[in-house]
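Numbers restart at 1 for each chain; the letters A, B, ... are given by sequence-line order, proteins then strands.
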Amino acid sequence: METPLVRDIPADAAARIPHARTVSLIGPVTVACGLIWGLLQPYRLTILHPRGQSFWWLLIEPPLLVAAAGIIFAVVVAKPLLADLEAHHAASR
Amino acid sequence: MLPHAEMVHWAFAAGILLVGLCLLCEAIVGQEVWRMRPWRKYLWPGLAFGMGVLLWPVMAFFTNSSIHMYAHGSWAEVLMLAGGAELGLVHGRLKSRAWRLTWPLAFAVTGLAFIVHEQNPWFFARSAFLHHLLGWTFLLGALVPLALVWRPRSATLQACMALTIVAVSVMLFADRDVAAVFGHLSPLAGPAHR
């Protein structure tokens, strides 16, 4: 009987690559900045008190924009970039 | 039903933040890895070009004086020029590194436009303060893309460029139509809101 063993967990492998941790942290740090801003200035989040607010005040809320930029960056840019970084690192070994 | 000017600044700040984060990542991982996927090399130049295009409606709908129209129009032109030149360079259509001079030009024109079109002194209100600060940041920051023309592979310069752009986005996010700056608000600016 043969048991397939996972010798290298991809996330751990990526973390060992130089700069991978920095790249993976940029998105979450940006999201955290937006959330902290929202906590420090809750009156900037009109979604918390939407009654009587106009369309633009509900659509454009700076702390949420910062958090959204961080999420978009993490999903669209950082995730595939980490995979490429890992592939590049593996190819150069 | 137009949004307030501050909201337009915040929306552009989000786009500029994305450009800055992409530049920072490119500086960290290097051009070789960054360009492993074809779409990624067009990402930040495309965003910059797109924001240049979007500055035209800003010029058309937020023109409360001739000088504002000239300022927004000149930003639209130089951002489209620099973004377009970068798209041409990464695609391989443009070969000469002299095209990268469009970035220091864009920074210098933007900085001058910020300083020239702000008629009030630094501590008149927060928006006046930020206009002066953004103007000088762009003018001094123009040295970074200028140096990148001769040292395009320098990770330090690329990181400086990225952080300058992230700093610009933070300043734009801090903008308010009428608000105090360090406790100063001229009575001529009107009542502060939010």
Side-chain angles (χ1 to χ4, degrees), chain A residues 14 17-31 33-34 36-38 40-46 48-49 53-92, chain B residues 1-44 46-47 51 61-62 155 158-159 162-163 165-167 169-177 179 192-194:
Chain A
I17 300 166
H19 310 309
R21 193 175 290 273
T22 316
V23 171
S24 64
L25 277 176
I26 292 175
V29 166
T30 309
V31 175
C33 288
I36 290 167
W37 186 9
L40 292 176
Q41 295 188 324
Y43 52 91
R44 295 251 154 255
L45 293 171
T46 40
L48 298 177
H49 46 94
Q53 299 290 347
S54 67
F55 169 76
W56 290 110
W57 277 113
L58 291 170
L59 182 72
I60 300 179
E61 305 184 34
L64 293 186
L65 286 180
V66 174
I71 291 169
I72 291 170
F73 178 83
V75 174
V76 178
V77 181
K79 203 175 168 187
L81 185 63
L82 284 169
D84 290 345
L85 199 57
E86 199 181 333
H88 183 261
H89 187 69
S92 62
Chain B
M1 192 182 70
L2 286 173
H4 292 290
E6 60 190 1
M7 294 171 176
V8 179
H9 290 146
W10 300 335
F12 271 88
I16 291 169
L17 179 61
L18 271 175
V19 171
L21 295 182
C22 288
L23 278 166
L24 189 59
C25 252
E26 188 178 356
I28 292 168
V29 301
Q31 251 177 25
E32 194 184 341
V33 176
W34 181 257
R35 294 185 180 181
M36 277 174 79
R37 294 190 196 209
W39 59 267
R40 204 159 43 216
K41 63 182 178 183
Y42 301 109
L43 188 60
W44 71 259
L47 274 170
M51 281 192 289
F61 294 115
F62 290 86
Q158 284 176 344
L163 292 175
I165 289 172
V166 171
S169 114
V170 171
M171 289 177 215
L172 281 173
F173 271 123
D175 184 49
R176 305 284 178 267
D177 281 350
H193 66 90
R194 277 186 209 254

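In this structure, no portion of A:Pro63 lies under 4.5 Å from any heavy atom of chain B. Of the atoms belonging to B:Trp34, heavy atoms from both backbone and side chain fall under 4.5 Å from chain A. Contacts between A:Gln41 and chain B at a heavy-atom distance below 4.5 Å involve the side chain alone, from C-beta outward. In this structure, the portion of A:Ile26 lying under 4.5 Å from any heavy atom of chain B is its side chain and not its backbone. Of the atoms belonging to B:Leu43, it is side-chain heavy atoms, and not backbone ones, that fall under 4.5 Å from chain A. Of the two parts of B:Leu17, only the side chain, counted from C-beta on, holds a non-hydrogen atom closer than 4.5 Å to a non-hydrogen atom of chain A.
Between B:Ala14 and A:Leu65, the shortest heavy-atom contact is CB-CB, 4.2 Å. Counting all heavy atoms, side chain and backbone alike, A:Ala87 lies closest to B:Met36 at CB-CE, 4.4 Å. Heavy-atom minimum distance, A:Phe73 versus B:Cys22: CE1-N, 3.9 Å.
Contact tally against chain A (heavy-atom pairs below 4.5 Å) for B:Val29, B:Val166, B:Leu24: the top residue is B:Val29. Ranking A:Ala69, A:Pro62, A:Ala68 against chain B, the residue ahead of the rest is A:Pro62, based on heavy-atom pairs under 4.5 Å.
Interatomic distance, OG of A:Ser92 versus CD of B:Glu32, reported as 8.5 Å (0.5 Å rounding). Going from atom CD of B:Glu6 over to atom CH2 of A:Trp56 covers 13.5 Å, rounded to the nearest 0.5 Å. In this structure, the separation between NE2 on B:His4 and CH2 on A:Trp57 is 5.5 Å, given to the nearest 0.5 Å.
A heavy-atom distance below 4.5 Å is not found between the side chains of A:Glu61 and B:Trp10.
Every residue two or more places apart in sequence or in another chain that forms a side-chain hydrogen bond (donor to acceptor under 3.5 Å, both in side chains) with B:Arg37 is listed here: A:Asp84.
Just one of A:Val29, A:Thr30, A:Val77 meets the side-chain contact (heavy atoms from CB on, under 4.5 Å) condition when paired with B:Leu21; it is A:Thr30.
Relative ring orientation between B:Phe173 and A:Trp37 is described as perpendicular, the plane-to-plane angle rising above 60° on a 0-90° scale split at 30° and 60°.
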